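All figures in this text were calculated on a predicted structure; none of them were measured in a lab.
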Amino acid sequence: FFYLNTLYTKYDITGFMDATGKFIETVAYKFLKSAKGVLMLDEIDNSQAEALIPINALLANGYLTFANGETLYLDENHKIIAAGNTNGQGATEEYNGRYKMDESTRDRFAFFFIDYDKAVEEAIVGNKKDILSFIYDLRTICKDSQISIILGYRAINKLVKFDNMNIDLATIID
């Protein structure tokens with residue numbers, strides 16, 4: 001498993017030659033040098049469009065030439081997946097810092113919506129099922145009211161931690 005987060009320049013993929021002439025390897029280089037693997041491009045919708053050009057070339061042509069002049073090939077033993085918070089069409093109300101992805105990048109991927117896993121949510125709350133009921137009700141109310149809010153795993157975890165503090169809110173408010 002090979003992991004990359006937000007890409008800023010093409011050199012994050014292709015590597016570069018340092019001042020002494022030494023090739024600086026990248027995760028993508030190590031991925032293609034391996035016998036098999038999965039390259040995970042996380043937060044792809046937060047990456048700079050220019051930084052994704054080598055990925056586009058790799059997916060379209062099946063190979064990529066790195067800064068050291070070496071050309072490596074994508075084969076059936078190598079898979080590339082990407083994840084983001086948007087569909088790649090630019091910022092949303094919830095994720096206003098996301099970039100619009102070039103269509104040449106978007107058309108190289110299939111898009112799937114993956115919702116929160118109820119088993120993970122149940123594991124977070126443990127025996128505090130009332131917290132999960134509250135989250136589910138709040139999600140429904142917000143959706144019906146067209147209110148944008150993210151009520152994901154981090155929010156649930158924060159509620160559990162707050163509940164564990166056993167704070168009497170009435171004493172704080174008074």
Side-chain angles (χ1 to χ4, degrees), residues 1-124 135 139 143 148-158 160-161:
F1 186 81
F2 299 84
Y3 178 86
L4 283 169
N5 201 314
T6 303
L7 302 169
Y8 297 103
T9 74
K10 70 178 186 175
Y11 305 108
D12 293 335
I13 300 295
T14 62
F16 61 93
M17 306 303 283
D18 72 10
T20 67
K22 179 184 175 208
F23 174 58
I24 304 302
E25 295 180 357
T26 64
V27 170
Y29 179 81
K30 293 172 186 173
F31 162 69
L32 290 172
K33 288 290 276 190
S34 69
K36 62 182 178 178
V38 174
L39 176 61
M40 170 66 174
L41 302 172
D42 199 10
E43 306 291 349
I44 194 168
D45 57 347
N46 198 41
S47 295
Q48 299 292 319
E50 296 80 14
L52 293 171
I53 291 172
I55 294 295
N56 290 356
L58 176 61
L59 291 171
N61 304 323
Y63 66 89
L64 185 62
T65 301
F66 288 84
N68 64 351
E70 188 173 359
T71 299
L72 299 177
Y73 294 86
L74 190 64
D75 61 30
E76 65 277 353
N77 295 317
H78 293 88
K79 306 296 180 208
I80 298 176
I81 59 174
N85 293 306
T86 69
N87 63 6
Q89 294 180 318
T92 65
E93 188 174 344
E94 299 90 350
Y95 299 100
N96 55 28
R98 300 302 161 154
Y99 299 106
K100 182 175 168 102
M101 292 168 55
D102 188 271
E103 198 58 34
S104 67
T105 301
R106 289 188 79 249
D107 75 359
R108 285 167 170 78
F109 291 95
F111 286 79
F112 300 92
F113 174 77
I114 300 174
D115 207 350
Y116 296 108
D117 186 315
K118 292 192 184 311
V120 172
E121 293 176 331
E122 289 170 1
I124 293 170
I135 289 289
R139 283 179 183 160
K143 183 178 180 183
S148 296
I149 188 169
I150 299 170
L151 298 168
Y153 303 138
R154 283 187 287 270
I156 295 169
N157 195 39
K158 286 178 185 178
V160 169
K161 286 180 180 178

Is a donor on one side and an acceptor on the other found under 3.5 Å between the side chain of Asp12 and the backbone of Tyr8?
-> yes

Nearest atoms (heavy-atom pairs only) where Lys10 meets Pro54 | CB-CG, 3.6 Å

So do Tyr116 and Ile156 actually touch side chain to side chain, heavy atoms under 4.5 Å?
-> no

Tell me, do Lys33 and Glu70 make a side-chain contact under 4.5 Å, heavy atoms counted?
-> yes

Between Tyr3 and Val27, what is the shortest heavy-atom contact and its length?
-> O-CG1, 3.7 Å

Shortest non-hydrogen contact between Val120 and Tyr153, atoms and distance = CG1-CE2, 3.6 Å

ring-ring contact (aromatic ring centres under 6.0 Å, His included) partners for Phe2, two or more places apart | Phe31

Under the 3.5 angstrom rule, does the side chain of Tyr29 hit a backbone N or O of Leu72 as a donor-acceptor pair?
-> no

Which residues satisfy the side chain to side chain donor-acceptor pair (under 3.5 Å) test with Lys79, sequence neighbours excluded?
-> none

Kindly give the heavy-atom pair with the smallest separation between Gly15 and Ala67, and that separation in Å.
-> O-CB, 3.4 Å

Side chain His78, main chain Leu39, donor-acceptor under 3.5 Å = no

Ignoring hydrogens and geometry, is there a side-chain-to-backbone donor-acceptor pair from Thr26 to Ile13 under 3.5 Å?
-> yes

Does the side chain of Asn5 reach to within under 4.5 Å of the side chain of Asn46, using non-hydrogen atoms?
-> no

In chain order, what residues pass the side chain to side chain donor-acceptor pair (under 3.5 Å) check against Gln48, with sequence neighbours excluded?
-> Tyr99

Backbone N/O of Met101 and side chain of Arg106: donor-acceptor pair under 3.5 Å = no

Do the non-hydrogen side-chain atoms of Glu50 and Thr9 ever get within less than 4.5 Å of each other?
-> no

Side chain to side chain, Ile80 and Leu41, heavy atoms closer than 4.5 Å = yes

Closest approach of Thr20 to Asp18 (non-hydrogen atoms, all atoms of both residues) = OG1-OD1, 2.7 Å

From CA spacing to verdict: side-chain contact (heavy atoms from CB on, under 4.5 Å), Ile44, Leu52 = CA-CA 9 Å; Ile44 194 168; Leu52 293 171; 4.0 Å; yes

Is Leu7 close to Glu43 at the side-chain level, that is, under 4.5 Å between some pair of heavy atoms?
-> no

